[in-house]
Each structure stands twice: as C-alpha cells, then as structure tokens.
Amino acid sequence: MWQYGQMIILGIETSCDETAISVVKAEGGLEDLRFEVLGSALHSQVKMHEEFGGVVPMLAKREHIKNLPPVLIEALRKANLIFNSEFSIFNSENPGIDMITVTVGPGLEPALWTGIKFAEELGQKWQVPVIPANHMLGHIASVLFELESTKAQVKKRVEFPAVALLVSGGHTELINIKSWAEMEKVGETKDDAVGEAFDKVARMLGLPYPGGPQISALAEKARQESIQQENKFPRPMLHSKDLNFSFSGLKTSVLYYIKNLRNTSENISQVKKLEIAREFEDAVIETLLTKTKMAIEKYDPKTLIIGGGVIANKALRENFLKLKEIYPDLEILIPEKSLTTDNATMIAAAGFIEYLKGGKETELKANGNLDIN
Ligand code: KG4
Ligand code: ZN
C-alpha cells in the first residue's frame, strides 16, 4: 500500500504527565522531511496530579502503565489501521507499523521507562525497530506539522541555520541549529524553567496546576481591562551577556510581594491577582524576548523556532510574532496549539530524524537529563 520511501511510524510519549501515541506517515530525507498525522490519541493525567500541585512521578508511572494499551488502540483506530474491537495488543499481527519511536529523555525516569518497556514489547511482537527519541528534539520538530490541512501533503521546510527557544515545564533553552543533524544548546535556565515559574506563581495565587493557562487567562483579562501593577517585578539576567535565563528571583519577588499584601489583607483581591499575573507574565515575556534577540544577533538564523508548552501562551506568541518587524527576513515558526504541549506526534518526527541520522545504535534507556545534540 505504501510507496517506497514512506514509513509508518508509531510515536510513544510518556516523559511527564501525558500518555500519548501517534501514528505518523514520514517520508523524505533530512533535507526534505515530510510528515502526515494519520491518527493520534492522548490521555492527560493533569486532573490527577492537580491535587498534589504538581506531577508525582510514581503516580505518573502507574497511570502510564494503565493507559498505554487503550491509548494505543485509540490511535491505531483513528489511523484506520484497526477496525474491529477484537484487536488485542500483544496477540494481534502488526497493524502496518514500520517503526516505533519512544521518548527516552529528558523527563521523569519512572515515567519514561513505562513508554520504553511498552515500545520494546511491541517492537518484538511486531518485528519492527524501536528508535529512541529526544523529547526536546520533539518540541523543535513540532513545527513541521500543519494540522489544519490534515490529510493534505504537508511540506513545511525549516531553512537553516535556525535558532530554537524551548519553553516548557522542565526546560528553558536556546538551541543553535545548523541542520537537523547538528545542533547545540547555547543557553539554559540556571534555576527554574519558565513553565515551572508559571506553575509556582499560580500556586501562590491559589490557582490549580498547571498554572500556565490560569496565569495566562488572568493576565489577558488584566490587559483587556487595562489593569496594571505599579510595582515592577525584576527581569532577571536581562543584562547578563550570556544566553542563560533565571526565573527563581522573579518567582521570589512575586512571593514577597504577595506576603506583603497579606500583612494588610487576609486574601488577595481579584484585582490584585490580575495585576500580579500580568506583571509576572510581562516580566517573563521581556526576558525571553531579550535573550532570544541576543541569540538572533549572535547566530544570524534564517528561522526562529519556538516550542514547548509555554508557547501556548497567547501574549507570548503575539510578542514573538512581532519580532518579524525587527527581523523581516526571519521565518518564525510556532507549532499548532495542540502540538505545543507534550504529544507523541512530535516524538514520531524526532524519532524519524534520529533514524535518518543513523541513531539506531543508541541505547533504549531512560535518561532524565538527556541533552540535545
Ligand atoms: O511542554 P510541556 O507540555 O511539558 C513539559 O515538557 O514540561 O509544558 C508544560 C508547561 C507547564 O508548566 C504549563 O504551566 C505551561 O507549559 N503552559 C503555559 C501555558 N500552557 C501551558 N504557560 C503559560 N501560558 C500558557 N498558556
Ligand atoms: Zn515537553
């Protein structure tokens, strides 16, 4: 059924609190990658971790083990690779998968292992290779998909050199990308990741986990109603010459500011929450923009890629797209909203890139601190 050069890839992602599986058709080489999503499914554990105010690794592991089989069946069904209800994961024939790719890091190791073990079992049963994928490469590759045109052939090329800003719950990094086969981390956070700062500030305001969307909604409302805090929070490391970030100082400023408020009033008023959310978000945006501009000046890229859960933030997206006014020749690529947060579609793409690079020899072993290269 499939033409020569095409591959049907099953991507598996369990690095944090989303159990995700995606079936992606991949073709082309490193110079002309082409992907099409055939079917994907995702089970989020966010509700379960919410009561603990963050992801609990052992609970995440248990949930992944429970949810991987039904998520797989849903993804295969959506991809029209299985049709009846009799499909049983380890007793049925290979439904048409040529290769499996699974996230091996970075992430929570107990969670990562569940995906790896599942992938290995499937790989043995179906007699297909299992390729390890880097989660951060996945966030970069997430810009290669155009979901609106679902079934149409998608050609989204990245012109190199490129710079990527990755902003998620666990990472804040700048990557200098010479090609899909050659990239290096050139800046990172010295303490909290930006998503983590969003989550912690949200908790200070009594908002549920994950805090990013909560803060984002408050900040948006504040802007609409022209509500602004007089007191400015610091923009950490703005004047340092390197491309590193730091968000713990900003987080602490918010904490002290809130503590001060409580000296006079028991609860933070809604207006204060709006003010704080907006001022915090503005500080984050300014910091991310400034460091990204420094990276652009330094590496003179043709493309800027922004990936990771935090770029779901509307104000951040808008501000980054405005960089076009300063750098008219710069292509700015931001993933479709559903591909900003963790998903397996991007892992299928990252695995295919690894495969083309010849990364087949890499160990299938969870590495919580896996670097990008
Ligand atoms: O990439 P991701 O799904 O998971 C990791 O690999 O960490 O990112 C999750 C992070 C969380 O910290 C969440 O609060 C943040 O992304 N996030 C946002 C928004 N949506 C999700 N942060 C700011 N604004 C948002 N709209
Ligand atoms: Zn992620």
Side-chain angles (χ1 to χ4, degrees), residues 11-20 22 42-47 49-50 53-55 57 60 102-109 111-112 115 133-143 164-173 175 188-189 192-205 207-223 245 247 250-251 277-278 280-285 287-288 305-320 334-347 349-350 368-370 372:
I12 302 177
E13 157 64 32
T14 63
S15 72
C16 190
D17 57 353
E18 322 279 4
T19 313
S22 193
L42 183 144
H43 175 271
S44 176
Q45 304 171 5
V46 157
K47 279 269 160 292
H49 296 291
E50 192 184 306
V55 181
V102 60
T103 309
V104 294
L108 305 167
E109 288 186 5
L112 289 163
N134 183 310
H135 184 85
M136 303 317 284
L137 177 60
H139 277 301
I140 296 175
S142 66
V143 299
L165 171 72
L166 300 179
V167 280
S168 73
H171 295 85
T172 307
E173 299 177 344
I175 317 285
E188 66 186 331
T189 181
D192 292 352
V194 61
E196 191 180 353
F198 267 98
D199 296 337
K200 286 177 177 167
V201 167
R203 194 172 344 167
M204 293 173 203
L205 296 176
L207 302 166
Y209 172 85
Q214 306 279 337
I215 297 276
S216 176
L218 290 185
E220 209 52 47
K221 190 152 187 273
R223 282 186 201 100
F245 302 91
F247 291 100
L250 171 60
K251 173 193 72 187
R278 177 179 178 177
F280 165 75
E281 198 173 274
D282 284 347
V284 167
I285 292 172
T287 306
L288 292 175
I305 294 171
I306 308 144
V310 180
I311 197 61
N313 186 290
K314 187 163 164 265
L316 193 60
R317 274 177 180 254
E318 286 170 1
N319 274 281
F320 268 98
I334 298 180
E336 302 281 334
K337 204 154 179 213
S338 67
L339 296 183
T340 55
T341 47
D342 291 347
N343 63 85
T345 296
M346 69 182 198
I347 297 307
N369 300 313
L370 186 65
I372 203 151

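Positions are given from 1 along the sequence. In each ligand, atom 1 is the first atom listed, and ligand 1 is the first ligand listed. Quick caveat, the model's predicted, so the values are computed rather than measured.
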Those atoms of ligand 1 less than 4.0 Å from some heavy atom in [X]:
X: Gly195; value: 12 (O)
X: His139; value: 1 (O), 6 (O)
X: Thr341; value: 3 (O)
X: Pro210; value: 14 (O)
X: Ser216; value: 24 (N), 26 (N)
X: Pro213; value: 19 (C), 20 (N), 21 (C), 25 (C), 26 (N)
X: Ser168; value: 1 (O), 5 (C), 6 (O), 7 (O), 8 (O)
X: Gly169; value: 5 (C), 7 (O), 8 (O), 9 (C), 10 (C), 12 (O)

Check [X] against [Y] and note the closest heavy-atom contact, atom names and distance.
X: Pro213; Y: Pro210; answer: CD-O, 3.4 Å
X: Asp192; Y: Phe247; answer: O-CD1, 3.6 Å
X: Ala315; Y: Glu281; answer: CB-OE2, 3.4 Å
X: Asp17; Y: Tyr209; answer: OD2-OH, 3.6 Å

Discussion item. If we only look closer than 2.8 Å, how many protein N, O or S atoms does the Zn ion (ligand 2) have near it?
Written reply: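 Those protein atoms number 3 in total.
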Practice prompt. Would you give the length of the straight line joining atom NZ of Lys200 to atom CG of Leu205, rounded to the nearest 0.5 angstrom?
Written response: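 Rounded to the nearest 0.5 Å, the NZ-CG separation comes to 14.5 Å.
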Worksheet item: Under a 4.0 Å heavy-atom limit, does Asp199 contact ligand 1 with its side chain, its backbone, both, or neither?
Response: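 The answer is the side chain of Asp199.
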Worksheet item: How far is atom 3 (O) of ligand 1 from its nearest protein heavy atom, and which residue and atom name does that atom have?
Response: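 Minimum-distance protein heavy atom for atom 3 (O) of ligand 1 reads Asp342 N, 3.1 Å.
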Does at least one non-hydrogen atom of [X] fall below 4.0 angstrom from an atom of ligand 1?
X: Glu18; answer: no
X: Glu281; answer: no
X: Gly170; answer: yes

Discussion item. For Asp199, is there an ion pair with Arg203 - N to carboxylate O distance below 4.0 angstrom?
Written reply: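 Looking at Arg203 and Asp199, the cut-off is not met.
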Worksheet item: For residues Thr172 and Thr189, is any side-chain donor paired with an opposing acceptor at under 3.5 Å?
Response: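 No - no donor-acceptor pair under 3.5 Å links their side chains.
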Worksheet item: Do Thr103 side-chain atoms and Thr14 backbone N/O form a donor-acceptor pair below 3.5 Å?
Response: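 Pair absent, no side-chain N/O of Thr103 close to backbone of Thr14.
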